[in-house]
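Side-chain atoms are counted along with the backbone in the values below, which use heavy atoms only and exclude waters and symmetry mates. Since the model is a prediction, treat every value here as computed from it, not as a measurement.
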Amino acid sequence: MKTQVLKKGLPLLAVVIAITGALAFDSKNAIEEAAWEFGYINTTTPCSMPVLCSTEIGPECTNSAGQIVYGLDNAAGTSCTKPLFRF
């Protein structure tokens, strides 16, 4: 009797563990999909005062004073026109 339970139950247990493991380690995590990026305010000093923003479309990213911030367009850090969004 014990052998019959193991023969039927063990493969079922293996399938349940496999499905649970596949769902637990899903590579598409909602938090990882939204990338964050520093945004900057265009003042007299271009691209200054960094603010943490998101690249996922939503409301515009602003600083604590309500000014809209933008992402860097070039490596030199002299142009900030890339639209960024709030988390």
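The closest side-chain heavy-atom distance from Thr62 to Val69 is not below 4.5 Å.
Under the rule for a side-chain contact (heavy atoms from CB on, under 4.5 Å), the partners of Tyr40 that lie at least two apart in sequence or sit in another chain are Phe38, Cys47, Pro50, Leu72, Cys80. Partners of Glu60 by salt bridge (Lys or Arg N to Asp or Glu O under 4.0 Å), not counting sequence neighbours: none found.
Nearest heavy-atom pair across Gly71 and Glu37 is CA-OE2, 3.9 Å.
Hydrophobic cluster membership for Ile68: Tyr70 (Ile, Leu, Val, Met, Phe, Trp, Tyr linked by side-chain heavy atoms under 4.5 Å, directly or transitively).
The CZ atom of Arg86 sits 11.5 Å away from the OG atom of Ser54 when rounded to the nearest 0.5 Å.
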